[in-house]
Q: 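Could you have a look at this structure, given as C-alpha cells, before my questions?
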Amino acid sequence: MRVFFFFLLSYALFSCSNDFREITAISEIQGTWVNDKESFIIDTEKMTISYPDSVLITLSTRTYDRSKITASIGSVMLYDAHVFINNDGSSIKITKINKKESSTYLKK
C-alpha cells in the first residue's frame, strides 16, 4: 500500500510540474496565445503582435539576450519583457520589466 501511495504522489508531482525556461529563439513563441483576460497572435516572421481590435504592435529581440523582447508602436515603447516557455511549448509566461507584472498564456 505504501508503494502504491508513493507512486501516486510521485506521479502527481511530476505531472503537475509546469516548469518554465527562458526562450532560446523567438520562433518558439509563434502562434495564438490566450488567458482569461486577453488573447493575441505573435507572428515571428513579421515580428508583430496583434490583439483583437487593436493596432499592430512591433516585436523586437536582442541578439545577446534572446529571452528579452520589446513591444512598441512606432517609436513608442510599450514594454520590455522576459519570455519563458514550458517544456512542451503549450504555455508561455511574459514578465514585463517596466510594469512589474507577469502573465501566463496558453497556446490556442
Side-chain angles (χ1 to χ4, degrees):
M1 187 68 166
R2 285 179 153 177
V3 173
F4 182 69
F5 178 73
F6 179 72
F7 175 74
L8 285 177
L9 181 63
S10 298
Y11 177 75
L13 289 174
F14 286 113
S15 66
C16 294
S17 176
N18 209 9
D19 293 332
F20 287 89
R21 62 170 175 79
E22 290 184 344
I23 62 170
T24 55
I26 193 69
S27 60
E28 291 181 280
I29 60 172
Q30 171 79 27
T32 303
W33 301 95
V34 297
N35 72 6
D36 57 343
K37 296 179 185 174
E38 62 185 342
S39 68
F40 54 88
I41 300 169
I42 297 178
D43 185 341
T44 57
E45 294 288 321
K46 297 178 183 175
M47 293 300 285
T48 59
I49 302 173
S50 44
Y51 290 87
D53 302 325
S54 181
V55 295
L56 204 58
I57 297 172
T58 303
L59 176 67
S60 59
T61 63
R62 292 154 178 78
T63 55
Y64 59 87
D65 188 0
R66 300 211 186 264
S67 71
K68 190 173 183 183
I69 63 167
T70 300
S72 60
I73 299 174
S75 62
V76 178
M77 184 189 78
L78 299 175
Y79 60 85
D80 276 333
H82 285 284
V83 182
F84 304 90
I85 192 165
N86 68 346
N87 290 330
D88 66 359
S90 64
S91 182
I92 60 173
K93 182 173 21 174
I94 299 176
T95 304
K96 295 178 182 176
I97 297 167
N98 55 338
K99 293 188 178 185
K100 305 290 186 211
E101 96 185 31
S102 183
S103 300
T104 303
Y105 302 91
L106 297 173
K107 192 161 196 171
K108 187 171 178 184

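As a basis for the values below, the full set of heavy atoms in this structure was taken, side chains included, without hydrogen atoms, waters or symmetry mates.
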Q: Apply side chain to side chain contact (heavy atoms under 4.5 Å, CB included) to residues Lys46 and Leu56 and explain how you reach the verdict.
A: CA-CA 11 Å; Lys46 297 178 183 175; Leu56 204 58; over 6 Å; no
Q: Would Tyr51 end up clustered with Leu106 when hydrophobic side chains under 4.5 Å apart are linked, directly or stepwise?
A: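 Shared cluster, no.
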Q: Atom CD1 in Ile94, atom CD1 in Ile85: separation rounded to 0.5 Å?
A: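 Spacing of CD1 (Ile94) from CD1 (Ile85) equals 10.5 Å.
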Q: Please answer: with hydrophobic residues joined when any side-chain heavy atoms are less than 4.5 Å apart, are Met47 and Ile41 in the same cluster?
A: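 No, separate clusters.
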Q: May I ask you to check whether Arg21 and Ser67 show a side-chain donor-acceptor distance below 3.5 Å?
A: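 No, no side-chain donor-acceptor pair sits under 3.5 Å.
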Q: Same cluster for Ile73 and Ile69 if Ile/Leu/Val/Met/Phe/Trp/Tyr side chains link at under 4.5 Å?
A: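 The answer is yes; both residues are in one hydrophobic cluster.
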Q: Atom CE in Met77, atom CG in Asn98: separation rounded to 0.5 Å?
A: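 So the gap between those two atoms works out to 4.5 Å.
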Q: Locate the shortest heavy-atom distance separating Pro52 from Ser39; write the atom from each residue and the value.
A: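 So the minimum-distance heavy-atom pair works out to CD-O, 3.2 Å.
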Q: Shortest non-hydrogen contact from Thr104 to Phe20?
A: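 Between these two residues, the closest heavy atoms are CG2-CZ, 4.0 Å.
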Q: Please give me the minimum heavy-atom distance between Ser72 and Ile57, naming the atom from each residue.
A: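 Nearest pair, atom of Ser72 first, then Ile57: O-CG2, 3.5 Å.
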Q: Thinking salt bridges, do Lys107 and Asp88 make one under a 4.0 Å N-O criterion?
A: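 So Lys107 does not pair with Asp88 through a salt bridge.
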Q: Would a distance-only check, ignoring hydrogens and angles, find a side-chain to backbone donor-acceptor pair under 3.5 Å from Ser91 to Tyr105?
A: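 Flag set: sc Ser91 to bb Tyr105 pair under 3.5 Å.
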Q: Please examine the side chains of Leu59 and Ile26, heavy atoms only from C-beta on, and report whether any two atoms are closer than 4.5 Å.
A: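 Side chain of Ile26 against side chain of Leu59, heavy atoms only: contact under 4.5 Å found.
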Q: Is the NZ or CZ atom of Lys96 both under 6.0 Å from the centre of the six-membered ring of Tyr79 and within 45° of that ring's axis?
A: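 Yes, Lys96 sits over the ring of Tyr79.
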Q: Once rounded to the nearest 0.5 Å, what's the spacing between atom OG of Ser90 and atom NZ of Lys108?
A: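 Between atom OG of Ser90 and atom NZ of Lys108 there are 15.5 Å.
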Q: With rounding to the nearest 0.5 Å, note down the distance linking CD1 in Ile49 to CD1 in Ile42.
A: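 Here the interatomic distance stands at 5.0 Å.
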Q: Could you measure the distance from the CD atom of Gln30 to the CD atom of Glu45? Nearest 0.5 Å is fine.
A: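 Output value for this atom pair is 6.5 Å.
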Q: Linking I/L/V/M/F/W/Y whenever their side-chain heavy atoms sit closer than 4.5 Å, directly or via other members, would Val83 and Val34 fall into one cluster?
A: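 No: no chain of side-chain contacts under 4.5 Å links Val83 to Val34.
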Q: So, for Arg62 and Asp80, which heavy atoms are closest and what is the spacing to 0.1 Å?
A: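 That closest heavy-atom pairing would be NH2-OD1, 3.4 Å.
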Q: Starting at CD1 of Ile29, measure out to CZ of Phe84 and round the result to the nearest 0.5 Å.
A: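 So the CD1 of Ile29 and the CZ of Phe84 are separated by 12.0 Å.
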Q: Taking the side chain as everything from C-beta on, heavy atoms only, tell me whether His82 gets closer than 4.5 Å to Asp65.
A: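 Of all side-chain heavy-atom pairs linking Asp65 with His82, at least one is under 4.5 Å.
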Q: Is there a chain of hydrophobic side chains (I, L, V, M, F, W, Y, each step under 4.5 Å between heavy atoms) that links Trp33 to Val55?
A: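 Yes, same cluster.
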